[in-house]
Amino acid sequence: MSDNSEVNLTDEQVERSKDRAYIVLYAWMVFVCIIIGRAFYIQVIQHTHYTQIGNKQYISSVPINFDRGTILFSNYQKAPVPAAQLRSTYRIAIDPTQIKDAEVLYRSISKYIPLDKNMFMEKATKVNDPYEEILRGVKSEIVAVLKAQGLKGVMYYRDNERSYPQETVGSKVIGFVGSDGTRVKGQDGLARSYDDVLTRNSNDMTVNFFAELFTDIEKTVVSNTDKQEGDIILTIDAEAERVLHQTLIETKQVWKSDTIGGIIMDPKTGAIIAMDGLPSFDPNEFKDVKDSSVFINQNVSGVYEMGSIIKPITMASAIDSGVINEVTTTYNDTGFRDLNGYKVKNFDSKARGRNTSMQTILDKSLNVGIVFLVEQLGAKQFQNYFKKFGIGTETGIDLPGEASGLTKNLDSNVFVDSATAGFGQGIAITPIQTIRALAVLGNGGKLVSPHVVDSIIYKSGDRNKITQEDGEQVIKKETSERISRMLVHVVDTALKNGNYKMDHYTIAAKTGTAQMVKPGGGYYDDRYLHSFFGYFPAYEPKYIIFLFHTYPKGAGFAADSLADPFFKLVKFLISYYEIPPDR
């Protein structure tokens, strides 16, 4: 038989071969169908379920670090200073599936930071759970030490929390962040009024390192990128704010005042350089505050009868209208006036006699002289001027809780209501409203818009400078110059007999001493509100200062309690901002 002989297959053998091939093919097709079906079941029908399981391998169930924009004080000729920012701490978690000896790991961690052993051991023995949190709020230096140990199965996640580096300085302006029961948001101050800019509504989660490398995990997380988020730079200067704050503390300690406040402003632009008040609080410890009234910014929300610092506004109104001339007009000062049964008298009840000058009204702070001015103006014209000065209307300052005041006497048809309003009695207004009105006297006669935010720097890098509209012309520029000369005379000759006169700078200023209103009506005989305002250099002012405090103990007049603090601030501002002399 030859080696090349062919093997002939019978028809039966051929059929059996075909059957075996079909069986293998059918088996393979069934297997493929099962695989495809299972994939369809997992990827389509049970997509959500398995996605959640998968994400647990890569994403912590704890939201990523709390995030919020920064609030910065400006800082003359230097970089801005943080007033509210983020501070980093750490969460420590363990992966029980990686832990070989829980007892040894516990000792390694508890050597550096207190750790409840029962809690740790319970979590460390959950062998099927890859993530168990054991500590929060751990400082970075402790985390650095733990990391150096190379502890297997230990994970570290950075958290952010709100921090206020300036503590009590400017806290009533800055406000604080807290929970309203549903979400974390600004609760007061700028933290509240600019909450939409400062809030970061991120829904991102903490991502496992390997998941970041090998998966497009960002597509599984939703983030809000539409809102304009940014950081805020204030007009408030860090150093000026610190000096004002310390000055208020010292003044309150000396005179045991119930409440004290102060504002420093650019009278031409309305930019607030400093604003503070006491009692105050540390926003880092706001949860420890027992009396929530300390959160209130009395410069914006407090309403007070301001007394004699209002008199220059009445004088300027009379000058501007032309009904008097500050140099030539005189009147007969009788020491008191009876206005339909309501007796108005000078602070000392003394008469200054015939030919009393307009300058004497401000030098001696004469109530009877103010009644004369209101008579010359007429009640209606007087009321119209005060309203033009913004008395009784909100300033629109970019802080929450502004009060409009209690000024119904400016709509009264009874003359005595206008007469007493002329020397700051019977109308109650806020400090911010007061300084805005008084700024008109020195800035050329315009009503400015007080504000504390200079600009917003958005995440995109764009900077939005907050601009203010030109204010309404309340009095003529010439009137502003004339009333300023009168107020310089008050400082140079009348205030403590001229002891506060500055040789090289003109200061325009006036004091106010007002009886405080009783809760049920009427006035206390022994409780006063002291106030002091001034601007300088008087004829081209850079700054206006307003100070006030309630119920100072042992001081008869505002000149006694507030002149020293006022001139301390004047001298600081002159030195700090290098203001050249004007005389």
Side-chain angles (χ1 to χ4, degrees), residues 265 267-268 270 306-331 356-393 395 407 410 418-425 427 429 433-448 471-491 494 506-512 531-541 544-546:
M265 186 177 82
K268 292 186 176 180
M306 291 296 177
S308 296
I309 60 166
I310 299 299
K311 289 174 179 174
I313 297 176
T314 306
M315 180 68 75
S317 301
I319 293 171
D320 194 70
S321 67
V323 298
I324 62 106
N325 179 284
E326 75 277 14
V327 178
T328 60
T329 301
T330 60
Y331 75 106
T356 300
S357 70
M358 298 297 98
Q359 184 65 54
T360 303
I361 294 175
L362 295 183
D363 287 349
K364 302 298 182 181
S365 200
L366 302 176
N367 291 342
V368 172
I370 295 299
V371 173
F372 168 77
L373 294 178
V374 177
E375 285 177 327
Q376 304 312 300
L377 278 162
K380 198 65 181 175
Q381 185 171 215
F382 162 79
Q383 292 169 0
N384 288 340
Y385 263 105
F386 263 46
K387 290 176 182 178
K388 286 172 64 179
F389 273 90
I391 303 296
T393 59
T395 68
T407 58
L410 295 181
S418 293
T420 55
F423 52 80
Q425 189 178 82
I427 56 172
I429 57 179
Q433 196 178 118
T434 304
I435 196 173
R436 176 181 66 165
L438 295 170
V440 172
L441 304 176
N443 68 10
K446 292 186 176 182
L447 192 69
V448 297
E472 177 186 352
Q473 193 75 36
V474 178
I475 56 176
K476 295 183 283 291
K477 189 173 187 295
E478 178 192 358
T479 303
S480 173
E481 294 170 355
R482 291 161 71 180
I483 190 65
S484 294
R485 280 197 296 271
M486 297 182 77
L487 292 172
V488 169
H489 187 277
V490 169
V491 174
T506 55
I507 313 293
K510 179 75 177 74
T511 65
S531 58
F532 200 121
F533 95 95
Y535 50 87
F536 65 96
Y539 306 110
E540 197 63 40
I544 181 171
I545 302 170
F546 172 79

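All values below come from the heavy atoms of this structure, side chains included, with hydrogens, waters and symmetry mates left out.
With sequence neighbours excluded, the residues that form a side-chain contact (heavy atoms from CB on, under 4.5 Å) with K476 are D320, T479. Under the rule for a side-chain hydrogen bond (donor to acceptor under 3.5 Å, both in side chains), the partners of N367 that lie at least two apart in sequence or sit in another chain are K311. Partners of V440 by side-chain contact (heavy atoms from CB on, under 4.5 Å), not counting sequence neighbours, listed by chain and number: F389, L447, V474, I475. With sequence neighbours left out, the side-chain contact (heavy atoms from CB on, under 4.5 Å) criterion links S357 to Q359, T360. Residues forming a side-chain hydrogen bond (donor to acceptor under 3.5 Å, both in side chains) with S531 (at least two apart in sequence, or on another chain): none. The side-chain contact (heavy atoms from CB on, under 4.5 Å) test applied to V374 returns T314, I370, F382, F415, S418, not counting sequence neighbours.
Two residues are said to be in side-chain contact when any heavy atoms from C-beta on lie closer than 4.5 Å; S480 and L441 fail this criterion. Residues I361 and Y331 have side chains in contact (heavy-atom distance under 4.5 Å, counting atoms from C-beta outward). Inter-residue side-chain proximity for K510 and S365 is flagged as met; some heavy-atom pair is nearer than 4.5 Å. Using a 4.5 Å cut-off on side-chain heavy atoms (C-beta onward), V371 and V368 make no contact. Within the 4.5 Å cutoff, the side chain of I391 has no heavy atoms near those of the K387 side chain. Side-chain contact between F372 and T329 is present, with at least one heavy-atom pair separated by less than 4.5 Å. I324 is listed as a side-chain neighbour of I319, based on a closest heavy-atom distance under 4.5 Å.
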Apply side-chain contact (heavy atoms from CB on, under 4.5 Å) to I429 and I310, showing your working.
CA-CA 11 Å; I429 57 179; I310 299 299; 4.2 Å; yes

Given side-chain contact (heavy atoms from CB on, under 4.5 Å), test Y535 with L487 step by step and report yes or no.
CA-CA 9 Å; Y535 50 87; L487 292 172; 3.7 Å; yes

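When the shell of 6.0 Å around NZ of K364 is examined, it contains 12 or fewer heavy atoms from other residues, nucleotides or ligands.
Atoms OG1 and CD1, from T395 and I435 in turn, are 11.0 Å apart once rounded to the nearest 0.5 Å. Between the CG atom of L362 and the CD atom of E326 there is a distance of 10.5 Å, given to the nearest 0.5 Å. Note: L373 CG to I313 CD1 = 13.0 Å, rounded to the nearest 0.5 Å. Expressed to the nearest 0.5 Å, how far CZ of R482 lies from CE of M358 amounts to 12.5 Å. In this structure, the separation between OG on S321 and CG on L377 is 4.5 Å, given to the nearest 0.5 Å. A distance of 9.5 Å separates CD of Q425 from OG of S308, quoted to the nearest 0.5 Å.
The shortest heavy-atom contact between Y539 and P541 is C-CD, 3.7 Å.
A donor-acceptor contact shorter than 3.5 Å is absent between the side chain of T330 and the backbone of T356. Remark: side-chain polar atoms of N443 are paired, donor with acceptor, to backbone N or O of P267 under 3.5 angstrom. Although no hydrogens or angles enter the test, the distance criterion places a donor-acceptor pair under 3.5 Å between the side chain of Q473 and the main chain of G444.
A salt bridge does not link R485 with E481: every distance from a Lys NZ or Arg NE/NH1/NH2 to an Asp or Glu carboxylate oxygen is 4.0 Å or more.
For R436 and T393, the side-chain atoms include at least one donor-acceptor pair closer than 3.5 Å.
A ring-centre distance under 6.0 Å is not found for F533 and F546.
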